[in-house]
Amino acid sequence: MHKLLGLKTTQRQVIRTDYRKKRQALSSKEQSTAAHNLLRTCLTSTTLAQSKTIACYIANDGEIDPVAIIDYCWQQGKTVLLPVLHPFSKGHLLFVNYHRNSTTRTNVYGIKEPIVSTINLCVLANIELILTPLVAFDAVGNRLGMGGGFYDRTLAPIRRDSLQTQLIGLAHNCQQTHMLLTDSWDIPLHAIATPDQFFSVD
Ligand SMILES: Nc1nc2c(c(=O)[nH]1)N(C=O)[C@@H](CNc1ccc(C(=O)N[C@@H](CCC(=O)O)C(=O)O)cc1)CN2
Ligand SMILES: Nc1ncnc2c1ncn2[C@@H]1O[C@H](COP(=O)(O)OP(=O)(O)OP(=O)(O)O)[C@@H](O)[C@H]1O
């Protein structure tokens, strides 16, 4: 492997392990306080309030829980979507409508996802805002995920086709890193919301 590529891969793996441990170590009280404060932070930006079609996620592995954001969106009559592992296209995600009565299943990672059908699928170009899970972030919008490359692959058309879709990462305060080394395929975030702060990039 090329030296720099090897260094980056190692840095990513070390940070991934380290930052997954940090979020897993949070108590349920810390998790619920964080989840509550996260909605407040998100509402300090106009993006969430102005978007009508919003992709979110179901918390896993100590991730900050966006449940209050999902409830807020439903109350406001917004369309909420969840990522679903693509059934044929390995490493890609589909975004599927999620409402209070959605039928769900558990995927191979143990994460709940809605059942895909032709009527509940949403194409990327029609999603105004994607709230992404992440393992670590830096203040300039770089994101480190679980390592599957799912979001990077799925979101690549945003750069290729200059889509207007806004990307906001959701994270605990302890998931901020000084600086992440980036790769060519990384899709940077427009902002990051934590319980204490809203980081707008540029
Ligand atoms: N809540 C949530 N939903 C999500 C994601 C996510 O990161 N969080 N994804 C974001 O892509 C997709 C699923 N991708 C995932 C990829 C890997 C693992 C995982 O747990 N992998 C390994 C550990 C990886 C490692 O340490 O290298 C495992 O099985 O333990 C989970 C989800 C779509 N849905
Ligand atoms: N657009 C892409 N096309 C092809 N391969 C990609 C693309 N994006 C990422 N990958 C591959 O996915 C692998 C994992 O990428 P990376 O470590 O950036 O994932 P991640 O951002 O941590 O995960 P996720 O996006 O699932 O949360 C990389 O080794 C890379 O080869």
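Order of appearance sets the numbers: ligands from 1, and atoms from 1 within every ligand.
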Q: Give me the atom names and distance for the closest heavy-atom approach of Pro83 to Leu93.
A: CB-CD1, 4.0 Å
Q: Charged N to carboxylate O under 4.0 angstrom, Asp61 versus Lys21?
A: no
Q: For Thr47 and Ser45, run side-chain hydrogen bond (donor to acceptor under 3.5 Å, both in side chains): C-alpha distance rounded to whole Å, both residues' side-chain angles, the deciding distance at 0.1 Å, then the answer.
A: CA-CA 6 Å; Thr47 313; Ser45 138; 3.2 Å; yes
Q: Ignoring hydrogens and angles, state whether a donor on the side chain of Asn142 or Thr182 is under 3.5 Å from an acceptor on the partner side chain.
A: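 No pair is found: no donor N or O on one side chain lies under 3.5 Å from an acceptor on the other.
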Q: What about Leu85: any of its N or O atoms under 3.5 Å from an N or O on ligand 1?
A: no
Q: What class does the angle between the rings of Tyr151 and Phe95 fall in, given that below 30° is parallel, 30 to 60° is tilted and above 60° is perpendicular?
A: tilted
Q: Considering only protein heavy atoms, which is closest to atom 19 (O) of ligand 2, and at what distance to one decimal place?
A: Gly149 N, 3.2 Å
Q: Shortest non-hydrogen contact from Pro157 to Arg153?
A: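 Of all heavy-atom pairs spanning Pro157 and Arg153, the closest is CD-O, 4.0 Å.
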Q: Among His86, Arg153, Glu63, whose heavy atom sits nearest atom 8 (N) of ligand 1?
A: Glu63
Q: With heavy-atom distances below 4.0 Å as the criterion, list the atoms of ligand 1 near Ile58.
A: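 Taking each heavy atom of Ile58 in turn, ligand 1 has 1 (N), 2 (C) under 4.0 Å.
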Q: Output the list of atoms in ligand 1 that are nearer than 4.0 Å to some heavy atom of Ile111, sorted by atom number.
A: 2 (C), 3 (N), 4 (C), 32 (C)
Q: Before accepting this row, confirm whether a basic side-chain N of the pair Asp138/Arg143 lies closer than 4.0 Å to the acidic partner's carboxylate O.
A: no
Q: Tell me, which protein residue and heavy-atom name are nearest atom 21 (O) of ligand 2, and how many Å apart are they?
A: Asp152 OD2, 3.2 Å
Q: Based purely on interatomic distance, does Ala156 place a nitrogen or oxygen under 3.5 Å from a nitrogen or oxygen of ligand 2?
A: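 The answer is no, given that Ala156 and ligand 2 share no N or O pair closer than 3.5 Å.
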Q: For ligand 2, which atoms have a heavy atom of Arg16 less than 4.0 angstrom away?
A: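 Counting from 1, the qualifying ligand atoms are 17 (O), 22 (O).
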Q: Under 4.0 angstrom from ligand 1, any heavy atom of Arg20?
A: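 Yes, that is the case, since the closest heavy atom of the residue is under 4.0 Å from the ligand.
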Q: Of all the non-hydrogen atoms in the protein, which one sits nearest to atom 12 (C) of ligand 1, and at what distance?
A: Leu93 CD2, 4.0 Å
Q: Report the residue from Ile130, Leu170, Leu81, Ile70 that forms a side chain to side chain contact (heavy atoms under 4.5 Å, CB included) with Tyr57.
A: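 With Tyr57 as partner, Ile130, Leu170, Leu81, Ile70 yield a single side chain to side chain contact (heavy atoms under 4.5 Å, CB included), made by Leu170.
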Q: Determine whether the aromatic ring centres of Trp74 and Tyr98 lie less than 6.0 Å apart.
A: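 Aromatic pair counts; centres sit under 6.0 Å.
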Q: Name the closest protein heavy atom to atom 20 (O) of ligand 1, giving the residue it belongs to and the distance to 0.1 Å.
A: Met146 CE, 3.2 Å
Q: Which atom names give the shortest non-hydrogen contact between Val201 and Leu189, and what distance separates them?
A: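 Minimum heavy-atom contact is CG2-O, 3.6 Å.
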Q: Just checking, is any N or O donor in the side chain of Glu30 or Ser27 under 3.5 Å from an acceptor N or O on the other one?
A: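 Side-chain D/A pair, Glu30 to Ser27: present.
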Q: Taking non-hydrogen atoms only, is Asp186 closer than 4.0 angstrom to ligand 2 via side chain, backbone, both or neither?
A: side chain
Q: As a check for students: among Arg153, Gln13, Met146, identify the option with a heavy atom nearest to atom 11 (C) of ligand 2.
A: Arg153
Q: Among all protein heavy atoms in this structure, tell me which lies nearest to atom 11 (O) of ligand 1, with the distance rounded to 0.1 Å.
A: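 Ranking protein heavy atoms by distance from atom 11 (O) of ligand 1, first comes Phe150 CB, 3.4 Å.
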Q: Indicate the atoms forming the closest heavy-atom contact of Arg23 with Met146, along with that distance.
A: NH2-SD, 3.3 Å
Q: Counting from 1, what ligand 1 atoms have a heavy atom of Tyr57 closer than 4.0 Å?
A: 1 (N)
Q: Under 4.0 Å from a heavy atom of Pro83: which atoms of ligand 1 are those, numbered in the order shown and with their elements?
A: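 Ligand 1 atoms under the 4.0 Å threshold to Pro83: 34 (N).
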Q: Check whether any N or O atom of Leu144, backbone or side chain, sits under 3.5 Å from an N or O atom of ligand 2, and answer yes or no.
A: no
Q: Looking just at side-chain N and O atoms, do Gln31 and His172 make a donor-acceptor pair shorter than 3.5 Å?
A: yes
Q: For atom 25 (C) of ligand 1, is there a protein heavy atom at a distance under 4.0 Å?
A: yes
Q: Pro133 near ligand 1, heavy-atom distance under 4.0 Å?
A: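 Yes.
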Q: If you have a sec, work out which protein heavy atom is nearest atom 9 (N) of ligand 1 and how many Å separate them, to one decimal?
A: Tyr151 CE1, 3.8 Å
Q: Which residue and non-hydrogen atom of the protein lie closest to atom 29 (O) of ligand 1, and at what distance in Å?
A: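 Looking only at protein heavy atoms, the one closest to atom 29 (O) of ligand 1 is Tyr109 CD2, 4.0 Å.
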